[in-house]
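Have a look at the structure below before the remarks.
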There are 2 protein chains.
Amino acid sequence: MKRDSRLSGVLHVLLHMAEAGTPMTSDALAKMMKTNPVVIRRVLAGLREHELVCSEKGHGGGWTLCRELQTITLHDIYLALNEPTLLAMGNRTEAPGCLVEEAVNSALNQAFQDAEALLLARFRTVTLAQLSSDFHQRMQARGFSGIHEHSIFSDNDTNSSEE
Amino acid sequence: MKRDSRLSGVLHVLLHMAEAGTPMTSDALAKMMKTNPVVIRRVLAGLREHELVCSEKGHGGGWTLCRELQTITLHDIYLALNEPTLLAMGNRTEAPGCLVEEAVNSALNQAFQDAEALLLARFRTVTLAQLSSDFHQRMQARGFSGIHEHSIFSDNDTNSSEE
DNA sequence: ATTTCACGAAACATTAATTGTTACGAGAAA
DNA sequence: TTTCTCGTAACAATTAATGTTTCGTGAAAT
């Protein structure tokens, strides 16, 4: 079964937005994520409803974070993504009339619920600020000199194009 | 994202096989699971490779459990299903060149790995014998009198058809 | 022997979910 | 008034999963 990478993708996007300081367009984000601008808008529209990001039209418009990094947890983002499925497995049917099915569901549900609870608990403990801090540490470790250079984020990002 | 219910389904099937005593045909199992006999064969073929079930052709043939219930854990079955994905979410890319991505992956992977480990640990502790025992307790609780009746397993199962 | 029953396996079809794309509208700045 | 950007709906493409058909093989019943 294929894994949903929207949470991972959104985190990537939000951290880049935090670094940018200025609004980032759907086009720019789409290129970073190697996807389509409309897909970016679709996902960020959900975050906007939860007031995690703001969008502005017109010249100089685009997407910005509208809350402090340290106030946004992974759980907030998970909620803003509309609580996507966490586990790839589930029971065949709920509301079974079959006693075998009931016994099976009961055993599996205990395991599934505990795993979900663990994940959500973790999500609550991680803030965007922590991820950002981790990112900056990695930059230090890679010998970033302190002021703007090419390829701050990656060897592939070409957003620091012609200057 | 849709959940994979093969584990749940296989458990259902195996417990019914355990109750039956005699070989069960793919057709009979398919009707129970409201699916196609070929689908049943596909799934059980994997279990056969791991020597959890045996199949026999011809009259009186079908599928039987070939190990004792108490020796089969959910983890054995999970392995026999070829270790299906446990979590519905994953990282956008591994092997990132982007430091933001690295920071994100690192944080998420910790949570994901812990949740997976929890699930697998649980799977190791549960045997088919326990599920079977749970099933029998549920039968008692429903007032099963002790000898064969109609609808042992469910109000829907029509395998105890004309007698 | 022949028929019937059952699995084995490959090829193909269908379905459902996700993702990508196009097109057009509306607001804001240059 | 032109350009930039998001908003939205409709549509297309892709992919994974599931279901179906068909024919082959072995085993038991007749």
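Side chains are part of it too, since the values below use all heavy atoms of this structure and drop only hydrogens, waters and symmetry mates. Convention: sequence-line order gives letters A, B, ...; per-chain numbering from 1.
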Dump every N/O contact between nucleotides 10-18 of chain C and the protein below 3.5 Å, one line per pair.
| unit_1 | atom_1 | unit_2 | atom_2 | d |
| --- | --- | --- | --- | --- |
| C:dT18 | OP1 | B:Met1 | N | 3.0 |

B:Thr35 side-chain N/O to D:dG19 phosphate OP1/OP2 under 4.0 Å
yes
So, is A:Ser26 close to the D:dC6 phosphate, meaning a side-chain N or O under 4.0 Å from OP1 or OP2?
yes
Nearest of C:dC7, D:dT8, D:dT21 to any side-chain atom of B:Asn36?
D:dT21
Here the residues of residues 49-58 of chain B within 4.0 Å heavy-atom distance, strictly under, of DNA chain C are B:Ser55, B:Glu56, B:Lys57, B:Gly58
Please give, in whole Å, the distance from [N] [atom2] to [X] [atom1]?
X	N	atom1	atom2	result
B:Ile40	D:dT18	CD1	C1'	12 Å
B:Lys31	D:dT20	NZ	P	13 Å
A:Asp27	D:dC4	CG	P	11 Å
A:Leu47	D:dC6	CG	P	14 Å
A:Arg3	C:dT19	CZ	P	15 Å
B:Met33	D:dA17	CE	C1'	16 Å

Pairs touching residues 126-135 of chain A that satisfy salt bridge (charged side-chain N to carboxylate O under 4.0 Å, His left out), sequence neighbours left out
A:Asp134-A:Arg138
Hey, could you give me each pair passing salt bridge (charged side-chain N to carboxylate O under 4.0 Å, His left out) that has a residue in residues 78-88 of chain B? Not counting sequence neighbours.
none
Could I get the full list of side-chain contact (heavy atoms from CB on, under 4.5 Å) partners for A:Gln110, not counting sequence neighbours?
A:Ser106, B:Arg122
Which side-chain N or O atoms in residues 50-57 of chain A pair as donor and acceptor under 3.5 Å with protein atoms at least two apart or in another chain?
| unit_1 | atom_1 | unit_2 | atom_2 | d |
| --- | --- | --- | --- | --- |
| A:Ser55 | OG | A:Arg48 | NH1 | 2.9 |

Side-chain (A:Ser26) to main-chain (A:Arg41) donor-acceptor, under 3.5 angstrom:
no
The answer to which of B:Arg41 and A:His59 contacts DNA chain D further toward the 5' end, by nearest nucleotide, is A:His59
For [X], side chain to side chain donor-acceptor pair (under 3.5 Å) partners two or more places apart:
X	value
B:His136	B:Glu19
B:Thr73	B:Asp76
B:Glu116	A:Arg3

B:Phe123 and A:Phe112 aromatic ring geometry - parallel, tilted or perpendicular at 30°/60° bounds
perpendicular
